[in-house]
Amino acid sequence: MLPDFRVRQRDYLLEISRALTQELDLDKLLGRILDISVEMLAGHAGLIALQTETGRWRLRVSQGLPSPFLRFLGPLFADIKRADLDAEDFGLSEVNRVLTELIHSASMGMLNGVGLPLVARNTVVGVIYIFRNYPSVFSVDDRNLLSSFASQAAIAVQNAQLYTQISREKQRISALLDSAADGILILSPDNRIEHANPAFARMVQQKVKDIQGAMHSDVIRWNTKPSGMTLEQAVAGGWPLTSYAHLYIEGDLRRDADTTPLPVGITYAPLLSPEGTLVNTIATVRDITRFRQADELKSTFISIISHELKTPVALIKGYVSTLRREDASWDRSVVADSLEVIEEEADRLASLIENLLDASRLQAGGMKLTLGDVYLPDLAKRVAKRLQSQTSRHKIEVEFPPDFPVVQANDNRLEQVLFNLVSNAIKYAPEGSICIRGRLKADDVVVCVSDEGPGIDVQDVPFVFDRFYRAPEMVRNTKGAGLGLYLSRAIVEAHGGRIWINPDYEKGAQICFSLPRKMDRG
């Protein structure tokens, strides 16, 4: 028959063994280890201190010790650094020395203590220190009893620490995945979706819980044939052969039946085991709508500019070639008319180039203005006179109230705005009256340019101030690069104003802009 203390020792060891395999909550585990240690050695109090990741010591749990004593111990442990002490015990001897001297001094030699290390896999992870409230030394049996399960307790502590560390890393990775702007899928070897982040769920307009567990082919559905090999086709062909065998595909991702397909680019990266077995496939899904819009804008730009450059260059070349013919003698009137056409087309080229440069400056960082006093009625009359000479089918009128104020603005830039608006009216209205009209508001002045043409289609209204935009029905019949209204908006907004299309004007088209009466020069 085993003595009672042997039975208790066996039971304690079994409990520590169970904790080693079952309990992964570090604080609960430390508390139970300390309870057993104090009870086994008939102690009065105890504590457990652990090594931190930075090499310092930290008091984690205690039993039977008053709060003032614990507050005093905290800074002492924090000052014991691994690097400052013997590398073999990582400061353990210093911990024991501090505790022994402290308890001996505080109790005037009446209390005794023993500390044993928690060593797991040849690493000191912490220390158990037990106090007795009666003056006697800890025997060799006491120490053997405590050390008999200290290594198991240490392994349990280290396992709990590793579990906590893994949980923390998992949380960090999940946070990174969930905060990513691109959609991310983690696929199993059979292409089943194990994880989908919120960004991808938003892309396909589904809930994360409905995506996870589904097959890749049931979620990634292409509206039309994509450019590149699909994941299923690649896998059927033996992909992946190496961990560097990334797969990329572009296409329009089908979503809800009532939703426009989403242009995406998907990169598949394999995660292989050391033996070369596929563990997971990581799919990164990027919304390429903006890239596609940029490509379309580039194509539009090339098309428009090619057309707009080709016409004046062809006219200039044609008239110059004609005038240079040595087998003909031209009247002065013919020469004058030809030179006038050449000059007009050269001006048109210069205007196009200047508009392109302005658009480039806007893209580079906005438009800077030099302000001065501008009287808009005079500016409007100047523009009207200049453009009236270019049309006989329109009558350009200017109407401003007599008390119209002077505004702080850039004269040349506002002239460019009015020139663009009146030129558009001449271009798109076959004939009739064009009016530049001004009116006053409490804090702003408003200028409107109206014509008697067909007006602006409601579907085009949201886009007319976009760069290179031209109404589809006007492209075939009128010249232009689609920059005039884009630059006009930029100039007006640089003045602190706004520009808009009047939706209530029914006689044709009316575009208005406002400017503050007083502009902040800062």
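Keep in mind that the numbers below use all heavy atoms, side chains included, and drop hydrogens, waters and symmetry copies.
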Colleague: Atom CD1 of Ile491 and atom CD of Glu493: how far apart are they, to the nearest 0.5 Å?
Modeller: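 Result: 11.0 Å between the selected atoms.
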Colleague: Take Tyr428 and Ile456 through the side chain to side chain contact (heavy atoms under 4.5 Å, CB included) test and state the conclusion after the steps.
Modeller: CA-CA 10 Å; Tyr428 294 112; Ile456 300 172; over 6 Å; no
Colleague: Backbone N or O of His216 within a donor-acceptor pair of the Asn191 side chain at under 3.5 Å?
Modeller: no
Colleague: Please check if the side chain of Arg255 supplies one atom and the backbone of Met203 the other of a donor-acceptor pair under 3.5 Å.
Modeller: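 Yes, Arg255 side chain to Met203 backbone: donor-acceptor pair under 3.5 Å.
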Colleague: Between Leu278 and Leu272, is there a side-chain heavy-atom distance shorter than 4.5 Å?
Modeller: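 In contact.
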Colleague: Would you mind reporting whether Glu250 and Val264 have side-chain heavy atoms less than 4.5 Å apart?
Modeller: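 Result no, sub-4.5 Å side-chain heavy-atom pair not found.
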Colleague: Under 3.5 Å, side chain of His495 to main-chain N/O of Leu371, donor-acceptor pair present?
Modeller: no
Colleague: If you round to the nearest 0.5 Å, how far is CG of Leu253 from CH2 of Trp222?
Modeller: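 CG of Leu253 is found 5.5 Å from CH2 of Trp222.
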Colleague: For residues Val449 and Ile511, determine if any side-chain heavy atom of one lies less than 4.5 Å from a side-chain heavy atom of the other.
Modeller: no
Colleague: Evaluate the side-chain hydrogen bond (donor to acceptor under 3.5 Å, both in side chains) criterion for residues Ser273 and Glu275: first the C-alpha distance (whole Å), next the side-chain angles of each, then the deciding distance (0.1 Å), finally the verdict.
Modeller: CA-CA 5 Å; Ser273 69; Glu275 294 77 25; 3.3 Å; yes
Colleague: Are side-chain heavy atoms of Gln212 and Val219 found at a separation under 4.5 Å?
Modeller: no
Colleague: Where the side chain of Arg58 meets the backbone of Leu50, is there a donor-acceptor pair that is under 3.5 Å apart?
Modeller: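 Side chain of Arg58 to backbone of Leu50: no pair is present.
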Colleague: Does Arg286 CZ have over 12 foreign heavy atoms under 6.0 Å away?
Modeller: no
Colleague: Mind checking whether Ile33 and Ile48 have side chains closer than 4.5 Å, heavy atoms only?
Modeller: yes
Colleague: Using only the SG atoms, decide whether Cys448 and Cys435 are less than 2.5 Å apart.
Modeller: no
Colleague: With side chains defined as the heavy atoms from C-beta onward, is the minimum distance between Phe200 and Ile184 less than 4.5 Å?
Modeller: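 Side chain of Phe200 against side chain of Ile184, heavy atoms only: no contact under 4.5 Å found.
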Colleague: Quick check: does any side chain N or O of Asn197 sit under 3.5 Å from a backbone N or O of Gly183, one acting as donor and the other as acceptor?
Modeller: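 No, because the side chain of Asn197 does not come within donor-acceptor range (under 3.5 Å) of the backbone of Gly183.
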Colleague: For the residue pair Leu379 and Arg382, establish whether any side-chain heavy-atom pair is separated by less than 4.5 Å.
Modeller: yes
Colleague: Give the intermediate values and the outcome of side chain to side chain contact (heavy atoms under 4.5 Å, CB included) for residues Phe513 and Leu418.
Modeller: CA-CA 10 Å; Phe513 66 89; Leu418 284 175; 4.0 Å; yes
Colleague: When you compare the side chain of Leu485 with that of Leu421, does any pair of heavy atoms fall below 4.5 Å?
Modeller: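 A side-chain contact under 4.5 Å exists here.
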Colleague: If we ignore hydrogens and angles and just use 3.5 Å, is the side chain of Arg517 paired with the main-chain N or O of Lys441 as donor and acceptor?
Modeller: yes
Colleague: For Arg413 and Gln416, run side-chain hydrogen bond (donor to acceptor under 3.5 Å, both in side chains): C-alpha distance rounded to whole Å, both residues' side-chain angles, the deciding distance at 0.1 Å, then the answer.
Modeller: CA-CA 5 Å; Arg413 288 300 185 182; Gln416 184 180 356; 2.8 Å; yes
